[in-house]
Amino acid sequence: MQTFQQHHIDLPTGVTLDVVAEGSPENPPVILLHGFPESHRTWRHIIPDLARDHFVIAPDQRGYARSSKPEGVENYTPDRIVADLLALADHFGIDRFTLVGHDWGGAIAWMAALQHPDRIARLVIVNAPHPFVFQKSLFDDMAQREASQYITAFRNTDLEAHIDRIGLSAFFDGSFMKHTDFDRIADEKPVYLDQWGQPGALTAMLNWYRASAVQVPAMDETPDRPAFLDAPFPPITQDTLVIWGLGDKALLPSQLEGLDTLVPGMTLVKVDAGHFVPWENPQGVIDAFRAWEAGAAR
């Protein structure tokens with residue numbers, strides 16, 4: 001099992017994050033952001049390759065594994081997590097960097113790129129929906145709305161009690177087995193159970209969903225449409241690589257529709273994988289990144 005040394009880093013945002021830092025600080029910096037319900041180990045097969053010629057930073061984000069887990073949903077709003085990201089870059093003396101995000105890490109990456117183009121030099125998104133496209137699809141695409149009903153379940157404050165009753169192992173089997181083959185992650189199961197079993201971890205991870213402003217209508221609901229869906233949305237100004245596993249059952253291919261107009265500098269690479277692309281098809285991610293970086297994918 002590939003393991004990495006982690007550093008405990010106190011940030012001025014009030015949290016301490018466990019952080020992997022691999023490669024020479026003299027090389028171009030890349031920050032990797034994981035999603036739910038993972039950790040830096042999302043990138044376990046990718047970090048060694050990138051670290052050959054990049055300075056690679058991969059945190060366990062707030063609420064995950066043994067990083068800080070502040071109490072209260074309000075501590076997991078995206079702006080606080082973006083602040084962690086920028087503070088982490090500051091800690092290493094990094095001004096501009098390439099930002100890579102998967103799942104919730106990708107949501108934070110989209111937001112950071114939109115709000116801080118002075119810091120985010122380039123952007124890589126791996127199966128993480130653009131905020132405009134995602135919210136629009138939850139109103140206009142019933143298949144995506146149905147696939148996203150789990151978000152409402154995760155926001156239910158009774159969920160932790162349910163998980164306590166069935167046990168973490170059963171929750172692991174019920175959550176991951178819908179999205180990947182067990183053989184692909186069997187060796188990692190003890191790692192997940194250890195991380196999820198840290199005091200406060202389940203609530204902290206679920207608070208990312210509870211703090212999000214994304215509206216997920218019920219299947220039989222016709223709520224008022226958010227005003228921003230009918231107004232101009234700012235474009236992503238960075239060169240952006242979008243890597244998409246077409247077998248994703250949670251985020252459907254409709255998430256790619258209209259994305260090119262919102263991301264003018266986009267390179268799209270479709271790969272054979274489900275939702276958890278970085279460990280289901282790490283070579284596909286590495287190949288796409290290397291080709292894009294070299295300009296060969298354009």
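The analysis underlying the following values was restricted to heavy atoms, covering all of them including side chains, and did not include hydrogens, waters or symmetry mates. In this chain, numbering begins with 1 at the start of the sequence shown.
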Given side-chain contact (heavy atoms from CB on, under 4.5 Å), test Ile47 with Leu32 step by step and report yes or no.
-> CA-CA 9 Å; Ile47 290 171; Leu32 309 175; 3.8 Å; yes
Please test Asp103 against His34 for side chain to side chain donor-acceptor pair (under 3.5 Å), starting from the C-alpha separation and ending with a verdict.
-> CA-CA 7 Å; Asp103 185 75; His34 68 84; over 6 Å; no
For Arg41 and Val191, what are the C-alpha separation, side-chain angles and deciding distance, and is it a side-chain contact (heavy atoms from CB on, under 4.5 Å)?
-> CA-CA 9 Å; Arg41 293 194 61 76; Val191 177; 3.6 Å; yes
Would Arg80 and Glu74 satisfy salt bridge (Lys or Arg N to Asp or Glu O under 4.0 Å), going step by step from the backbone distance to the final call?
-> CA-CA 9 Å; Arg80 301 223 178 185; Glu74 69 278 4; over 6 Å; no
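In this structure the side chain of Pro226 reaches within 4.5 angstrom of the side chain of Gln135, judged on heavy atoms. Two residues are said to be in side-chain contact when any heavy atoms from C-beta on lie closer than 4.5 Å; Tyr76 and Arg210 fail this criterion. With contacts defined as side-chain heavy-atom distances shorter than 4.5 Å, the pair Asp84/Leu11 qualifies. Side-chain contact between Gln6 and Val19 is absent, with no heavy atoms from C-beta onward closer than 4.5 Å. Between Trp244 and Leu246 there is a side-chain heavy-atom pair separated by less than 4.5 Å. Looking at Glu38 and Gln195, their side chains never come closer than 4.5 Å, going by heavy atoms from C-beta outward. Side-chain contact between Val269 and Phe289: absent, with no pair of heavy atoms (C-beta onward) separated by less than 4.5 Å. Annotation: side chain of Phe4 is in contact with side chain of Pro48 (closest heavy-atom distance under 4.5 Å).
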Do any side-chain atoms of residues 161-173 form donor-acceptor pairs under 3.5 angstrom with protein atoms, and if so which ones, sequence neighbours left out?
from	atom 1	to	atom 2	distance (Å)
Ser169	OG	Lys189	NZ	2.9
Asp173	OD1	Lys189	NZ	3.1

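Linking ILVMFWY residues whenever their side-chain heavy atoms come closer than 4.5 Å, directly or via other members, places Val214 and Leu159 in the same cluster. Val216 and Val73 fall into different hydrophobic clusters, where Ile, Leu, Val, Met, Phe, Trp and Tyr residues are linked whenever their side-chain heavy atoms come under 4.5 Å apart, directly or through other members. Grouping the Ile, Leu, Val, Met, Phe, Trp and Tyr side chains by contacts below 4.5 angstrom, directly or via other members, places Leu262 with Leu268. Under a hydrophobic clustering in which Ile, Leu, Val, Met, Phe, Trp and Tyr are joined whenever their side-chain heavy atoms come within less than 4.5 Å, directly or via other members, Leu17 and Leu86 fall into the same cluster. Using a 4.5 Å cut-off between side-chain heavy atoms of Ile, Leu, Val, Met, Phe, Trp and Tyr, with links allowed through other members, Leu256 and Met142 fall into different hydrophobic clusters.
Checked by atom type, the side-chain pair His54/Asn27 shows no donor-acceptor distance below 3.5 Å. Side chains of Ser67 and Gln61: no donor on one and acceptor on the other come within 3.5 Å. Between Asp141 and Ser254, the side chains place a donor N or O and an acceptor N or O closer than 3.5 Å (distance only, hydrogens not considered). A donor-acceptor contact closer than 3.5 angstrom is absent between the side chains of His40 and Asp18.
In summary, of the residues considered (Gln144, His130, Gln255), a side chain to side chain donor-acceptor pair (under 3.5 Å) with Ser137 occurs for Gln255 alone.
Using cut-offs of 30° and 60° for the angle between ring planes, the His102 and Phe276 rings count as tilted. Between Phe233 and Phe228, the two ring planes are tilted [angle within 30° to 60°]. Classified by interplanar angle (parallel below 30°, tilted 30° to 60°, perpendicular above 60°), the ring pair Phe36/Tyr64 is perpendicular.
Because its NZ or CZ atom is not both nearer than 6.0 Å to the ring centre of Trp208 and within 45° of the ring axis, Arg62 does not count as a cation-pi partner of that residue.
With salt bridges taken as basic N to acidic carboxylate O contacts below 4.0 Å, one links Arg290 and Asp53. No salt bridge links Asp118 with Arg96; every basic N to acidic carboxylate O contact stays at or beyond 4.0 Å. Taking a cutoff of 4.0 Å between a charged side-chain nitrogen and a carboxylate oxygen, Arg225 and Asp230 qualify as a salt bridge.
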